[in-house]
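Structure record follows, encoded as structure tokens.
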Protein chains: 2
Amino acid sequence: MARLNTEARQKHIIEQAIKIIHENGYSSLSIRKLARKEKISEAAIYRHFLNKEDILLGILTLFSGFDKQLNQEIAMIHDPLEKLSHFMLFHFTYLEKHVEMTSVIFSEDIFKQSEILKKKMQTIIQNRKKALFDIVNAMNPENCKLEIDVEEFVVIVLGYIRLIVLEWRLSNYAFSLKARGNKAIKFVKTILQNKSKCLNERL
Amino acid sequence: MARLNTEARQKHIIEQAIKIIHENGYSSLSIRKLARKEKISEAAIYRHFLNKEDILLGILTLFSGFDKQLNQEIAMIHDPLEKLSHFMLFHFTYLEKHVEMTSVIFSEDIFKQSEILKKKMQTIIQNRKKALFDIVNAMNPENCKLEIDVEEFVVIVLGYIRLIVLEWRLSNYAFSLKARGNKAIKFVKTILQNKSKCLNERL
DNA sequence: CTTTTGTTAGTTAACGTTCACTATCAATTA
DNA sequence: TAATTGATAGTGAACGTTAACTAACAAAAG
């Protein structure tokens, strides 16, 4: 059995933990299972993490990498409508690539375990909401206001994304999330139609 | 300690189980806790349920009563637009009255425990989707089509409801869900605006 | 007096965590 | 360069606790 340094081992363990949650749900995640999957002893787990909560924290930290990547990609686009499309598409492509992460997102139990975890998750959600709000608001200049409530529109889009991903999960990933997402993006554009004179020409 | 017949005791136990899930998450639901809350012995629980899964099944059965009530109320309304409003409002009023149920809805772990539970939950979701689809489709007569994809609109509305409830949960139920819901209903009507000549006059 | 609803006392298995200890490897010293 | 030292990454066994569940028995109710 190869010896790994803490950094590499931690990464491994976190990945295995996510896999276990994905396979059988959070309540099936135990140190024993984790150790067996990682092919090290249970005690060795504690060389790299303080306790079980610390592992969960690691999962969330990995997940918040999502936001970093998202924000980077969005920043490179200038057109607000394009930004909105990409914001949505990024969710779908990322989650199609990291299926196991959907199990983390939807496992509320993880966050109920501790205040720290709950706070961390709330921050992630808040940031994403803010990012989308800024994008939509940019479509909403003083001289050419949207005829819809931006705050509500943000909730609609995020809820839409979330439910599509949930349906994808319930279908056992039977369809292409990216293709499904593109349909959703089109529909969101349809909603925006006739809601702004500035946008009308382009939609 | 009063002796209860199985029917009454079962109902009690299921209610306590929901409370436990609501308070500390599904992974904290144990027979021991359940027995203590119900003030009977652990063994007594098994007088009324085959096993733990059977209890979870009972929870879902109780929850599917939601759909029965929803369908009944909707059936009494004739105007499709009114139906849509009431469909949404019903979710908010019901969940504000039965807060604990939100924890059941969002606890994916419950359904991952067994195929039976998973199937049951999928049926519930499917039925609700069908109900909403029929409502929106009734706004969509041959001679006066909506300019939006009804199937997609249904996903939008359900996702919207779901995310609002999730935000309500994350806020620790800090606002009135019904009031928040009414705002959402208004917004959905805004979306429908200009999408159908038949509806325009009324919206 | 039989059925139903409860009890107490037990089972085995798994939980997270800690213990004393060891193998591996890089840096310091002889 | 070879031996010594100390940190790091691993081990198996055990800790006390809790998990779901069961067998045997008692009391209440019809």
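In the text below, chain A, chain B and the rest are named by the order of the sequence lines, each starting its count at 1.
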*Gap between atom CD1 of A:I59 and atom OG of A:S103 - 0.5 Å precision*: 11.0 Å
Output the rounded distance in Å from [atom1] ([X]) to [atom2] ([N]).
{"X": "B:N51", "N": "C:dA13", "atom1": "CG", "atom2": "P", "value": "19 Å"}
{"X": "B:L29", "N": "D:dC21", "atom1": "CG", "atom2": "P", "value": "11 Å"}
{"X": "A:Q10", "N": "D:dT8", "atom1": "CD", "atom2": "P", "value": "13 Å"}
{"X": "A:L34", "N": "C:dA14", "atom1": "CG", "atom2": "P", "value": "17 Å"}
{"X": "A:N5", "N": "C:dT24", "atom1": "CG", "atom2": "C1'", "value": "13 Å"}
{"X": "B:L50", "N": "D:dC21", "atom1": "CG", "atom2": "C1'", "value": "12 Å"}
{"X": "A:E7", "N": "D:dT8", "atom1": "CD", "atom2": "P", "value": "14 Å"}
{"X": "B:K33", "N": "D:dA19", "atom1": "NZ", "atom2": "P", "value": "7 Å"}

Heavy atoms from C-beta onward define the side chain here; which of [options] lies closest to that of [X]?
{"X": "B:A44", "options": "D:dG12, C:dT18, C:dT7", "value": "C:dT7"}
{"X": "A:Y46", "options": "D:dA20, D:dG10, C:dT18", "value": "C:dT18"}
{"X": "B:A43", "options": "D:dT8, D:dA23, D:dA27", "value": "D:dA23"}
{"X": "B:E42", "options": "D:dC21, D:dG12, C:dT17", "value": "D:dC21"}
{"X": "A:I40", "options": "D:dG10, C:dG16, D:dA20", "value": "D:dG10"}

Does a nitrogen or oxygen in the side chain of [X] sit under 4.0 Å from OP1 or OP2 of [N]?
{"X": "B:H48", "N": "C:dG6", "answer": "yes"}
{"X": "A:T6", "N": "D:dA9", "answer": "yes"}
{"X": "B:R9", "N": "C:dG6", "answer": "yes"}
{"X": "B:S30", "N": "D:dT18", "answer": "no"}
{"X": "A:R47", "N": "D:dT11", "answer": "no"}

*Minimum heavy-atom separation for B:S171 to B:W168, with atom names?*
OG-O, 2.8 Å
*Look at all strands and tell whether B:I45 reaches a base, only sugar-phosphate, or nothing, counting heavy atoms closer than 4.0 Å.*
nothing
*Hey, is the side chain of A:R32 pairing donor to acceptor with the base of C:dA14 inside 3.5 Å?*
no
*Could you tell me whether B:E73 and B:K68 make a salt bridge, using a distance below 4.0 angstrom between a side-chain N and a carboxylate O?*
no
*Go through B:K19 and B:E38 one step at a time and tell me if the salt bridge (charged side-chain N to carboxylate O under 4.0 Å, His left out) criterion holds.*
CA-CA 11 Å; B:K19 268 188 199 164; B:E38 184 65 13; over 6 Å; no
*Would you call the rings of A:H91 and A:F87 parallel, tilted or perpendicular, where under 30° means parallel and over 60° means perpendicular?*
tilted
